[in-house]
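What follows is a short report on a single structure.
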Amino acid sequence: MTKYIFVTGGVISGIGKGITTAALGRLLINRGFSVIAVKIDPYLNSDAGTMDPFQHGEVFVTTDGAETDLDLGNYERFLGIDLDRRSNFTTGSVYGEVLAKERRGDYLGETVQLIPHITDAIKQRIYQIGQESGVDIVIVELGGTIGDFEMFPFAEAVRQIAMEIEHNNTMFIHVALIYTLPSGENKSKPTQHSIRKLQELGIQPDLLICRSSKAISDDFRRKIGLLCGISPDCIIEGRDTKLVDEIPIRFERQGFASQVVRRLGLPDNPPTSSRWADMVRVLRQPEGEVQIAVVGKYVKGTDAYLSVVEALKHGGIANQVAVKIHWVESGLLENSNPEMANNSENALNQVFQGVNGILVPGGFGVRGIEGMVVAVNYARRNQIPYLGLCLGMQCMVIEFARYVCSLADANSSEFAPETAHPVVDLMEDQKDIRNLGGTMRLGHYPCQIRTGTKTYQAYQTTEVMERHRHRYELNNQYRDLFEAKGLCPSGVSPDQNLVEITEVQDHPWMVGSQFHPEFQSKPLEPHPLFRAFIEKAYHT
Ligand code: GLN
């Protein structure tokens with residue numbers, strides 16, 4: 001029988017439920033259990049696909065093409081497995097399903113209500129994941145903060161699940177903030193109030209993670225334990241850290257996984273794998289450091305490029321080096337910035353001073369594009385290793401067309417619909433699409449790698465599957481010209497119709513992919529393109 005762990009959050013949003021879920025999953029996997037994680041999002045969007053990366057962070061894409069919350073990326077990286085669309089659903093998608101059934105007449109005249117119809121639909125999705133995957137443990141993270149109106153249907157649904165199946169098959173973990181006064185004293189009241197809120201909803205947490213900036217004392221544990229009905233052994237400290245990969249190790253030291261498996265009636269065997277701890281050791285004691293400029297348009301204070309940041313780190317792990325990211329707002333490289341217009345080469349030298357590699361990530365819309373093309377041009381002329389991801393590959397194609405093939409106004413039809421040289425153009429099967437949500441070329445597609453290329457050197461195989469999220473592609477009308485001039489289509493779709501990877505021949509390492517390799521990269525399995533990019537950046 002599959003066991004279910006429900007993770008809630010209290011006091012503030014962004015408390016770290018996602019990382020807690022992911023870290024717990026890793027500890028259970030280290031003990032040999034099979035685990036899947038699920039994120040429920042309490043908003044009305046059908047999925048994360050149409051959400052603004054500034055507001056909501058990256059849209060993470062699964063192999064089956066679901067556009068999901070970025071926490072799924074954390075789950076995949078920590079658990080070391082690929083998830084699918086069942087692992088993320090929203091209030092909007094549940095209501096959509098129930099309302100469609102109502103219109104079809106499936107409810108046969110019943111009054112359709114929040115309880116039981118919405119809650120039943122939520123429960124059914126959770127049960128289905130357990131049944132279909134057959135894993136030992138499903139960890140379900142309830143997005144939002146306890147006390148929010150929109151949390152209620154989910155809290156009610158999981159409360160019912162805990163009533164419906166045997167006691168030791170479910171458990172509740174609450175992650176709450178411990179507020180520390182400037183004097184250094186930890187205050188427990190906000191945490192107590194959030195637990196009261198949970199209890200009002202009929203949920204008693206079995207285990208509490210105290211997110212805090214200071215250490216939690218045993219006295220403090222006893223006090224919260226007494227007031228909130230939680231055993232002090234099940235009160236775990238979740239101290240702030242810059243190195244999220246270290247969190248499973250900190251949790252393990254405090255006996256988190258032991259408490260969980262005991263509560264679920266599972267054998268408390270010691271961990272059988274130390275691969276994660278070995279990886280963290282490399283992160284803590286790198287042999288060197290490499291400087292990578294990431295030139296994008298959502299660079300300030302967002303999680304818009306979370307998987308890119310993680311994949312760069314993985315590239316570092318594979319080469320035993322630390323990766324330091326220099327964020328460059330692409331708009332600042334454009335002529336509209338007076339500093340650039342006055343003395344642009346000097347100004348560019350300053351921006352990229354000490355940088356060993358340049359990366360242009362994915363994105364949509366025209367803002368900042370010209371700055372990305374400037375960055376590509378700089379990398380190509382100065383022989384600096386370059387990795388372009390989706391939009392970053394398209395910018396690489398535009399730059400090559402303009403400056404190597406002398407097609408001065410070459411552009412993507414996404415940014416300049418009237419251009420005489422649409423070297424990047426809308427894919428044929430995207431031309432009649434009107435709806436924005438869920439209609440891109442999404443998820444896994446195969447790609448054939450040409451032997452004898454730098455791309456092949458990285459992959460060491462001729463057939464790969466990679467995750468996509470785009471509408472535009474390299475325009476095949478220009479393919480021969482590009483190849484003749486030295487832009488090699490080093491990866492193509494099996495029907496030869498789509499260029500999936502390009503590389504500049506006259507350059508130490510300049511590769512762009514139409515897909516998003518960052519979504520596939522995992523700390524224990526760094527992606528070959530990131531491994532090769534960091535290797536080149538470190539040694540060039
Ligand atoms: N905007 C481009 C396209 O739709 C690139 C997308 C991306 O970078 N994910 O093709």
Side-chain angles (χ1 to χ4, degrees), residues 47-54 56-63 65-68 70 73 294-299 302-309 311 330-331 358-373 375-376 386-399 401 410-417 419 422-445 447 466-476 478 491 493 497-502 511-521 527 529-530:
D47 61 30
T50 53
M51 297 175 88
D52 180 358
F54 262 127
H56 202 74
E58 156 187 287
V59 176
F60 186 81
V61 182
T62 54
T63 56
E67 297 176 282
T68 70
L70 53 74
V294 176
V295 184
K297 59 193 258 188
Y298 315 107
V299 294
T302 73
D303 274 332
Y305 303 120
L306 180 62
S307 291
V308 177
V309 172
S330 58
I358 296 178
L359 183 149
V360 174
F364 295 84
V366 69
R367 184 178 69 78
I369 296 299
E370 289 304 319
M372 295 176 198
V373 174
V376 175
Y386 173 87
L387 178 60
L389 309 173
C390 203
L391 178 65
M393 168 196 159
Q394 296 174 357
C395 288
M396 189 175 148
V397 170
I398 294 168
E399 191 276 339
N411 214 324
S412 163
S413 50
E414 179 181 5
F415 315 129
T419 176
V423 291
V424 175
D425 201 8
L426 203 55
M427 282 182 287
E428 207 44 53
D429 48 7
Q430 290 286 332
K431 287 192 174 151
D432 294 327
I433 286 174
R434 294 283 170 269
N435 271 351
L436 284 187
T439 53
M440 280 184 259
R441 181 168 183 250
L442 287 166
H444 253 185
Y445 285 93
C447 166
E466 292 282 1
R467 299 187 201 182
H468 296 69
R469 182 172 186 250
H470 66 116
R471 292 186 203 284
Y472 293 81
E473 58 161 327
L474 186 148
N475 184 341
N476 281 329
Y478 294 88
S493 58
N497 242 342
L498 297 175
V499 174
E500 294 275 5
I501 312 177
T502 53
V511 176
S513 67
Q514 187 55 82
F515 48 80
H516 291 272
E518 70 272 24
F519 293 144
Q520 305 251 107
S521 192
H527 191 283
L529 291 180
F530 280 90

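In each ligand, atom 1 is the first atom listed, and ligand 1 is the first ligand listed. Just so you know, residue 1 is the first one in the sequence shown, and it goes up from there. If you're wondering where the values come from, they're calculated on a predicted model, not measured in any experiment. Values reported hereafter were calculated over all heavy atoms of this structure, with side chains retained and with hydrogens, waters and symmetry mates removed.
For atom 4 (O) of ligand 1, the closest non-hydrogen atom of the protein is Arg471 N, 3.0 Å. Protein heavy atom in closest approach to atom 1 (N) of ligand 1: Glu414 OE1, 2.7 Å. Nearest protein heavy-atom neighbour of atom 10 (O) of ligand 1: Tyr472 N, 2.9 Å.
Using a 4.0 Å cut-off to heavy atoms of Gly362, the atoms of ligand 1 that qualify are 8 (O). Counting atoms of ligand 1 from 1 in the listed order, those under 4.0 Å from a heavy atom of Cys390 are 5 (C), 6 (C), 7 (C), 8 (O), 9 (N). Proximity to Gly363 (heavy-atom distance under 4.0 Å) selects the following atoms of ligand 1: 1 (N), 2 (C), 5 (C), 6 (C), 7 (C), 8 (O).
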Review item, side-chain donor-acceptor pairs of residues 386-399, under 3.5 Å, at least two apart:
| from | atom 1 | to | atom 2 | distance (Å) |
| --- | --- | --- | --- | --- |
| Tyr386 | OH | Gly392 | O | 2.7 |
| Gln394 | NE2 | Tyr472 | O | 3.3 |
| Gln394 | NE2 | Gln514 | OE1 | 3.4 |
| Glu399 | OE1 | Arg380 | NE | 2.8 |
| Glu399 | OE2 | Asn377 | ND2 | 2.5 |
| Glu399 | OE2 | Arg380 | NE | 3.1 |
| Glu399 | OE2 | Arg380 | NH2 | 2.8 |

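Side-chain atoms of Arg441 and His470 form a donor-acceptor pair, as typed in the model, at a separation below 3.5 Å. Side-chain contact, Glu466 with His527: a donor N or O sits under 3.5 Å from an acceptor N or O.
Contact annotation for Arg469 and ligand 1: only backbone heavy atoms (N, CA, C, O) come within less than 4.0 Å of the ligand. Only the side chain of Gln394 comes within 4.0 Å of ligand 1, judged by heavy-atom distances.
For the pair Arg471 and Glu414, the salt-bridge criterion is not met [side-chain N within less than 4.0 Å of a carboxylate O].
For a threshold of 3.5 Å applied to N or O pairs, the pair formed by Leu391 and ligand 1 contains at least one separation below that value.
Judged by distance alone, with hydrogens and angles left aside, the side-chain atoms of Arg469 form no donor-acceptor pair with the main-chain N or O of Val61 at under 3.5 Å.
Applying side-chain contact (heavy atoms from CB on, under 4.5 Å) to His468 and the options Met440, His516, Glu500, His444 leaves one that passes, Glu500.
Residue contacts with ligand 1 include His516, since one or more of its heavy atoms lies under 4.0 Å from the ligand.
Remark: aromatic rings of Phe519 and Phe60 are close, center separation under 6.0 Å.
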